[in-house]
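These figures come from a predicted structure and were not determined experimentally. Ligands are counted one by one from 1 in listed order, and the atoms in each one are counted from 1 as well.
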Amino acid sequence: MKKFILSIGIAAVASVALADSNVVTVALRPDANAPVIPKEIYGQFAEHLGSCIYGGLWVGPDSKIPNQNGYRTDVLNALKELKVPVLRWPGGCFADEYHWRDGIGDPALRPRMVNNNWGGTVEDNSFGTNEFFNLCELIGAEPYLSGNVGSGTVEELAKWVEYITAESGPMAELRRQNGREKPWHLKYLGVGNESWGCGGNFTPEYYADVYRRYQTYCREFNGNKLYKIASGASDYDYNWTDVMMKKAGRFMNGISLHYYTVTGWSGKKGSALDFTDEDYYWTLGKCLEIAPVIRRHCDIMDKYDARKRVGLLVDEWGTWWDEEPGTIRGHLYQQNTLRDAMVAALSLNVFHTFADRVKMANIAQIANVLQAMVLTKDDKMVLTPTYYVFKMYRPHQDAKFIPVQVSTPIMDVRGDRKVPVVDATASLKDGKYCVSLVNTDLEKGVTVTVSLGGAAGKNLKGEILTGAKANSYNDFSMPEQVNLKPFAGAMVKNGVMTVEMPSKSIVTLTFE
Ligand code: AHR
């Protein structure tokens, strides 16, 4: 792998021809006009897929696994700790085959269906609307409902919104019969999912009209304000965003974008655990490519919406590896290593830089599927390295973004991916600064000099996430291989903080 040095950062300066070096500088550039990092960037996604819902979140009230009204107690506690701001449900591809009326009323009488998207598993609908909204209330998350456009009707979606949010009328009565007196609060409403693919294989021109029609009948009852989200592009499909903004932009509050860190959509995606150093760096490079992708989607949105009224919502992102050998095909169960943690941290850093347009992001998915927060097996649960990144990044939620300028060596991977040795992000909330630093280098530690841009650097506290190897992971027999630890490798002198970062580590520092 070739290494060379240049400067990167928000206010990028010209390349500097320095020799290979492990000295990295970060400068905080507090900017009065910088946006707040919406806490919704730390959003989650739960789909009826594999054991995300059943076994992961929900075991039912009669289960021997400790639970609170059917929700696993261990997972519930872990999610409360994470401060999940928003939870998207019921899919994904599943959403466009989901008929909400099948998931209400007496669970014993709910119809069953085949989950055609995900392994042909039989879905018994025991987790439905009431169970989802009650879960959101328990963990303090805003619900984000993904509506069925592909195989549902306008009437079905309209009535779902009414069932959830109306004070009176037949749908409100039905909700009351099912045990919920007061309406729930519903803000985020997705009108279809991946409408270019599993959500109906629409063209953008056709879907734009369908979107306009469906959203018309999603009414706002009793002052409940809906934030309506159009199904957006996948990765590099800039035409989708263009057509949607042109034809339907004024009818939406947000449009989604899906970007997975994946090696390709056909054939093997690579092992979650068994990878080379070069695979590791390539993965980080692919993950960072989300920045220019978002940039281009934002530029298109700017053409139609210069005031940035419409949000870009990255409502599916994360790593996608081959399914764990021995697990059920189509259930997308994968292990989660320090490499995944790096992807999480680098992605969140990117989202921060687009906080003026990117108003939400939902990692896929919350439990047992793809880049999960928690993995469960019977009555056991482990917290993944990715969980710990979300935990250590909590201070950035709803904090004011501080642009940073980073001067770092850059690695050139296989000629087509560039990975900085150090990446950084910073924010300020209630007088408290939070700086997160990522050292991607698998072998070398690095000294990072952070000029604090006027902050005193008092009451410095740090946390570090690292592991013995890039593929270190937490499993049921060894749950603490990659875990958060207090970090004492930073000191402040004359407005400059010096941080001694070990190789392959993520550090978060808070100070005043
Ligand atoms: O997250 C898994 C799947 O990925 C979702 O169901 C779909 O929207 C996407 O293709």
Side-chain angles (χ1 to χ4, degrees), residues 43-54 56-57 86-98 113-121 123 127 132 144-152 188-202 207 211 229-237 240 254-267 269 272 286-287 290 293 312-324 327-336 340 343-344 347 360-375 384 386:
Q44 299 284 338
F45 170 36
E47 179 165 12
H48 289 241
L49 195 181
S51 49
C52 181
I53 303 286
Y54 302 109
L57 300 174
V86 56
L87 180 59
R88 179 171 182 251
W89 175 84
C93 295
F94 179 79
D96 279 289
E97 288 199 58
Y98 182 63
M113 66 179 279
V114 175
N115 190 335
N116 293 308
N117 283 291
W118 305 119
T121 310
E123 162 69 53
F127 188 96
F132 171 65
Y144 171 2
L145 213 59
S146 197
N148 181 347
V149 169
S151 72
Y188 297 109
L189 179 67
V191 181
N193 167 74
E194 296 196 349
S195 301
W196 41 263
C198 65
N201 284 307
F202 297 129
Y207 171 68
Y211 170 82
I229 301 154
S231 168
S234 162
D235 310 87
Y236 314 91
D237 185 356
W240 186 277
I255 184 165
S256 65
L257 169 68
H258 290 181
Y259 184 94
Y260 283 98
T261 295
V262 61
T263 50
W265 289 108
S266 53
K269 296 183 170 65
K286 168 73 183 171
C287 138
I290 197 173
V293 169
L312 181 65
L313 280 56
V314 190
D315 63 12
E316 287 187 32
W317 67 274
T319 55
W320 194 320
W321 309 120
D322 293 340
E323 292 172 299
E324 175 111 325
T327 59
I328 301 171
R329 241 185 127 203
H331 281 199
L332 309 188
Y333 182 93
Q334 65 187 39
Q335 253 304 345
N336 196 300
D340 296 86
V343 168
S347 303
M360 190 193 292
N362 308 71
I363 189 168
Q365 299 192 3
I366 197 164
N368 294 330
V369 169
L370 299 177
Q371 194 176 348
M373 301 297 114
V374 298
L375 299 175
T384 65
T386 300

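Within ligand 1, counting atoms from 1 as listed, the ones closer than 4.0 Å to a heavy atom of Q365 are 1 (O), 2 (C). Annotation for ligand 1: atoms under 4.0 Å from non-hydrogen atoms of C93 are 5 (C), 6 (O), 7 (C), 8 (O). The F45 neighbourhood of ligand 1 comprises atoms 1 (O), with distances under 4.0 Å to a heavy atom of that residue. Taking every heavy atom of N193 and a limit of under 4.0 angstrom, the matching atoms of ligand 1 come to 8 (O).
Looking only at protein heavy atoms, the nearest one to atom 1 (O) of ligand 1 is Y260 OH, 2.8 Å. Counting only heavy atoms of the protein, atom 4 (O) of ligand 1 lies nearest to E316 OE1, 3.2 Å.
Distances between N or O atoms of H258 and those of ligand 1 include no value under 3.5 Å. Between E194 and ligand 1, an N or O atom pair is found at a separation short of 3.5 Å.
The backbone N or O of A372 lies less than 3.5 Å from a partner atom in the side chain of N336, making a donor-acceptor pair. With hydrogens and angles ignored, the 3.5 Å screen pairs a side-chain donor or acceptor of E323 with a backbone N or O of L332. In terms of modelled atom types and a separation under 3.5 Å, the side chain of N115 and the main chain of G120 share no donor-acceptor contact. With hydrogens and angles disregarded, a donor-acceptor distance shorter than 3.5 Å links the side chain of S256 to the backbone of G232. Distance alone, capped at 3.5 Å, is enough to place a donor-acceptor pair between the N368 side chain and the S51 backbone. A distance-only check finds a donor-acceptor pair linking the side chain of T384 to the backbone of M373 [under 3.5 Å].
Under 4.0 angstrom from ligand 1, there are no non-hydrogen atoms of N117. By the criterion of a heavy-atom distance under 4.0 Å, the side chain of L370, and not its backbone, is placed next to ligand 1. At a heavy-atom cutoff of 4.0 Å, ligand 1 is contacted by no atom of W317, backbone or side chain.
In this structure F94 satisfies the ring-ring contact (aromatic ring centres under 6.0 Å, His included) test together with H48, Y98, sequence neighbours excluded.
Paired with W321 under the rule side chain to side chain donor-acceptor pair (under 3.5 Å), one option of T261, T263, D340 passes, and it is D340.
Not a single heavy atom of F94 lies less than 4.0 angstrom from ligand 1.
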